[in-house]
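A quick write-up on the structure given underneath.
Quick note: numbers below take in every heavy atom, side chains included, and nothing from hydrogens, waters or symmetry partners. We number each residue from 1, following the sequence as shown. In this text the structure is predicted, and so the values were computed from the model without any measurement.
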Amino acid sequence: MSNPIRLIPLGRRNQPICFVGFISVELRMQASALVKSGVSCSSSGFQNRRVLGESGRRLGLGKLRMTERSGFCGLSFGSEIMETEMRRVRLGFDGVSRSSANYKSLKTHAYDEDVGDVVPAKPNNKSSGTVLPFVGVACLGAILFGYHLGVVNGALEYLSKDLGILENTVVQGWIVSTLLIGATIGSFVGGTFADKFGRTRSFQLDAIPLTVGAILCATAQSVQTMIIGRLLTGLGIGISSAIVPLYISEISPTEIRGTLGSVNQLFICVGILAALVAGLPLVGNPAWWRTMFGISMVPAVLLAVGMAISPESPRWLYQQGRLPEAERAIKTLYGKDRVVEVIQDFTAASQGSVEPEAGWSDLFSSRYWKIVSIGAALFLFQQLSGINAVVYYSTSVFRSAGVASDIAASALVAAANVFGTTIASSLMDRQGRKSLLTISFCGMAASMLLLSLTFSWSALAPYSGTLAVLGTVLYVLSFSLGAGPVPGLLLPEIFASRIRAKAVALSLGTHWISNFFIGLYFLSFVNKFGISTVYFGFGVVCLLAVLYVARNIVETKGRSLEEIEQILSATA
C-alpha cells in the first residue's frame with residue numbers, strides 16, 4: 001500500500017488558509033514524481049471540507065482533507081491534519097495530459113465542492129516587456145508594402161509621359177503589374193528565409209531589393225529600367241508581406257495579439273495614404289514622380305537598422321533548440337516574470353512531437369491541406385472583391401466620373417482606409433475575427449452594388465461624381481474593418497508552427513498572383529464590359545465570401561497560438 005502524504009498549513013486559527021499543491025507519490029516500484037499544481041487561497045476558514053478539482057480526479061487522487069489553522073502556507077510530511085490517500089496511481093509528467101487547456105486547469109484551479117467556486121491560483125500578469133517598439137519597426141515593412149502599391153496611382157500618367165508610353169496602356173499595365181510578379185516570388189522567398197535565417201535577419205535581407213529597386217525607379221530613363229526597379233521593389237514587399245504578420249503574431253502577447261496583428265494592415269493603409277499624399281505636388285511639378293519613388297529608400301534603410309537591434313521571434317528560437325536565446329528574447333518582449341510561463345507553453349505545444357520543419361509538399365498533404373486552403377481562399381476572396389483595382393485605378397475612375405480633384409478624392413479614400421483599420425484594431429480582440437470578416441464583406445457587397453448602379457442607371461448620372469466617391473469610400477471603409485486586416489492576422493494563428501512560415505507564404509502567393517491579374521486586366525475588362533458590370537462582379541464575389549466565412553472560419557480571439565494549434569489539430 002502506498003504511503004500517505006500529509007500536508008499541514010501552519011499558523012494561527014481563524015486566518016486565511018493557503019493550500020500549496022505539491023503532490024508526491026511513492027510508487028510500488030520505488031519511483032516518484034513531483035508535480036507542482038499551483039496555489040490557491042481562501043479568505044475564510046473552513047473545516048473538514050473536501051478540496052478535489054478536475055485536475056485532482058485526473059491524477060487519481062483519493063481524498064484530501066484540510067483543517068483551518070494558518071496565517072501562511074506550510075508543508076510537512078507525517079502530519080495528521082491534512083491527508084491524501086493514493087491508490088493505484090501512475091503519476092508523472094509523461095502521464096499527465098499536456099493539452100494546453102487541461103494543463104492550465106491543473107496549474108491554476110482548485111475547487112471547493114461545498115460552494116462550487118473556482119479560485120484562480122495565478123494572477124493574469126500583464127507583460128512588463130517592450131513589445132510595441134519592435135512591432136513598430138516591423139511595420140516599416142508594412143508601410144513600404146502600402147507605399148509601393150499606391151505610388152503608381154498618381155504617378156502613372158506623369159511617368160508615362162516621361163518614358164513615352166502615354167498611349168500604350170499595355171505597357172502601363174506591365175509597369176503596374178511587374179511589382180506584383182516580384183511580390184509573388186518574394187512571398188515564397190520570404191517564407192523560406194524566415195524558416196532558414198530567422199525573422200529579423202530576413203527583414204534585413206529584405207531591405208536590399210527595397211532600396212535598390214527604389215533607386216532604379218527614381219532614376220529610370222527607359223521602360224526597361226523602370227520595370228526592373230518595380231520587379232525588385234515587388235520582391236521586397238512580397239518578402240515583407242510574408243514576414244511582417246508572422247513576426248508580429250509570434251512576438252505579441254495573447255491578450256493583445258489581435259490588436260497588434262491588425263496594426264500591420266493599418267500601416268499598409270498608412271503607406272497607401274502616404275503615396276497618394278506624396279502625389280499632390282505632381283500637378284505643379286510633373287517631374288515629382290521621381291522623388292515619390294526615391295523617398296521610399298528611407299524607411300527601407302531604417303527597417304534594416306531597426307531589425308539589427310530587435311529580438312528574434314522566441315518561438316523560432318525555441319524550435320531551433322536555442323533555448324537561452326529564446327529566454328532572453330522573452331525577457332525583452334514580456335519581462336522576466338513571463339519567461340517560465342511562455343517556455344512551458346512552447347513545451348506543451350511541442351510535447352510528443354519531434355517532427356522537423358515542414359517541406360512545401362507537406363502543405364498539400366491530407367493532414368494540412370484543408371487549413372492551408374482556408375488561407376489561400378481568404379486572400380483570393382480579398383483580391384477578387386476588387387480592392388486593389390480600387391487602389392490602383394481610383395484616380396482614373398474618379399476622373400471619368402467627372403470628379404474635379406481626382407487625386408484629392410483618392411487621398412480621401414486612403415484616409416478612409418486608415419480610419420477604418422484603426423477602428424478594426426480596437427475591435428479585433430473584442431468583436432472577434434469571424435464577425436468582423438462577415439460585417440466587412442457584407443458592407444463591401446452593398447457598396448459595390450451602389451457603384452454599379454451609379455455607372456449604369458441614367459437617373460443617377462447628374463450625381464455620378466458624388467456617388468462614385470461616396471461608394472468608393474464606403475467600400476474601402478468596409479474593407480478596412482475586416483477583409484483587409486483579418487486574413488493577415490488570422491493565418492499565422494490557424495497554421496501549425498511547423499508549417500506556419502511556408503503556409504503564410506503560400507497564401508500570400510495566392511494573394512499576389514490574383515492581384516497581378518487584376519492589375520493587368522482591370523482596365524481591359526472595364527473597356528470591354530463596362531465599369532458597372534465589373535463592379536457588380538466584385539459585389540457577387542463579396543457575397544460568396546460571406547457564405548465561405550460562415551462555413552469555414554473558426555474564432556481565434558483570446559487564445560494562444562499553441563491553444564489554437566491544439567484545437568485545430570483535434571478537429572482535423
Short question: side chain of T233, backbone of L210 - any donor-acceptor pair under 3.5 Å? no
Backbone of Q221 reached by a side-chain donor or acceptor of T225 within 3.5 Å: no
Counting neighbours of OH on Y548 that are heavy atoms of other residues, nucleotides or ligands and sit closer than 6.0 Å, is the number greater than 12? yes
For Q265 and S480, indicate whether the former's side chain and the latter's backbone hold a donor-acceptor pair under 3.5 Å. no
Let's go through F188 and L506 carefully: what are the C-alpha distance in whole Å and the side-chain angles of both, what is the deciding distance for side-chain contact (heavy atoms from CB on, under 4.5 Å) to 0.1 Å, and is it a yes or a no? CA-CA 6 Å; F188 290 105; L506 179 65; 3.7 Å; yes
One pair to check against side-chain contact (heavy atoms from CB on, under 4.5 Å): L156 and V176. What are the steps and the verdict? CA-CA 8 Å; L156 184 60; V176 172; 4.2 Å; yes
Step by step, would you call F538 with V541 a side-chain contact (heavy atoms from CB on, under 4.5 Å)? CA-CA 5 Å; F538 288 151; V541 171; 5.5 Å; no
In the structure I gave you, are the side-chain heavy atoms of L149 and L180 within less than 4.5 Å of one another anywhere? yes
Decide whether S478 and S440 meet the rule of one side-chain donor and one side-chain acceptor closer than 3.5 Å. no
Which heavy atom of A304 sits nearest a heavy atom of A207, and at what distance? CB-CB, 3.7 Å
Over 12 non-hydrogen atoms of neighbours within 6.0 angstrom of CH2 in W369: yes
For F193, is there any backbone N or O sitting under 3.5 Å from a side-chain donor or acceptor partner on S202? yes
Looking at V263 and C139, what are the two nearest heavy atoms and their distance? CG1-SG, 3.6 Å
About how many Å separate CD of Q320 and CZ of R315, when rounded to the nearest 0.5 Å? 14.5 Å
Quick check: does any side chain N or O of S452 sit under 3.5 Å from a backbone N or O of M448, one acting as donor and the other as acceptor? no
Which word best sums up how the rings of H511 and F379 line up, parallel for under 30°, tilted for 30 to 60°, or perpendicular for over 60°? perpendicular
Do you know which two heavy atoms are closest between M297 and A214, and how far apart they sit? CG-CB, 3.6 Å
Between S426 and I423 (side chain of the first, backbone of the second, donor and acceptor by atom type, cut-off under 3.5 Å), is there such a pair? yes
So L333 and T130, do their side chains get closer than 4.5 Å, heavy atoms only? no
Taking the side chain as every heavy atom from C-beta outward, state whether F197 and L205 have any pair of such atoms under 4.5 Å apart. yes
Close side-chain approach of I251 and R199, heavy atoms under 4.5 Å: no
Minimal non-hydrogen separation, P253 against L260, with atom names: CD-CD1, 4.4 Å
Rounded to the nearest 0.5 angstrom, the CZ-CH2 distance for R201 and W316 is 9.0 Å
CD1 of I272 to CD1 of I143: how many Å apart, nearest 0.5 Å? 12.0 Å
Give a yes or no answer on whether the side chain of R500 reaches the backbone of F495 with a donor-acceptor pair at less than 3.5 Å. yes
Derivation of the side-chain contact (heavy atoms from CB on, under 4.5 Å) call for L437 and K434: CA-CA 5 Å; L437 275 176; K434 186 172 182 176; 5.8 Å; no
For L159 and F293, which heavy atoms make the closest approach, and how far apart are they? CD2-CE1, 4.0 Å
4.5 Å side-chain heavy-atom contact, Y247 and M307: yes
Is the closest side-chain heavy-atom distance between V418 and L266 below 4.5 Å? yes
Taking the side chain as everything from C-beta on, heavy atoms only, tell me whether R498 gets closer than 4.5 Å to Y368. yes
Short side-chain to backbone donor-acceptor contact, W288 and A278, under 3.5 Å: yes
Ignoring hydrogens and angles, tell me if any N or O in the side chain of S425 forms a donor-acceptor pair with the backbone of T421 under 3.5 Å. yes
Backbone N or O of T192 within a donor-acceptor pair of the D195 side chain at under 3.5 Å? no
Do W512 and I237 come within less than 4.5 Å of each other through their side chains, counting heavy atoms only? yes
Nearest 0.5 Å, what's the CG-CG distance between N285 and L282? 7.5 Å
Around atom CZ of R290, are there more than 12 heavy atoms from other residues, nucleotides or ligands closer than 6.0 Å? yes
Considering all heavy atoms of both residues, which atom of F455 and which atom of A468 are nearest to each other, and what is their separation? CZ-CB, 3.9 Å
Got a second to check how far L384's CG is from C542's SG, nearest 0.5 Å? 9.5 Å
Between Y475 and F479, what is the ring plane arrangement, given parallel below 30°, perpendicular above 60°, and tilted in between? parallel
Could you tell me whether the side chains of S313 and E250 share a donor-acceptor contact shorter than 3.5 Å? yes
Working to the nearest 0.5 angstrom, can you tell me the gap between M226 CE and I228 CD1? 11.5 Å
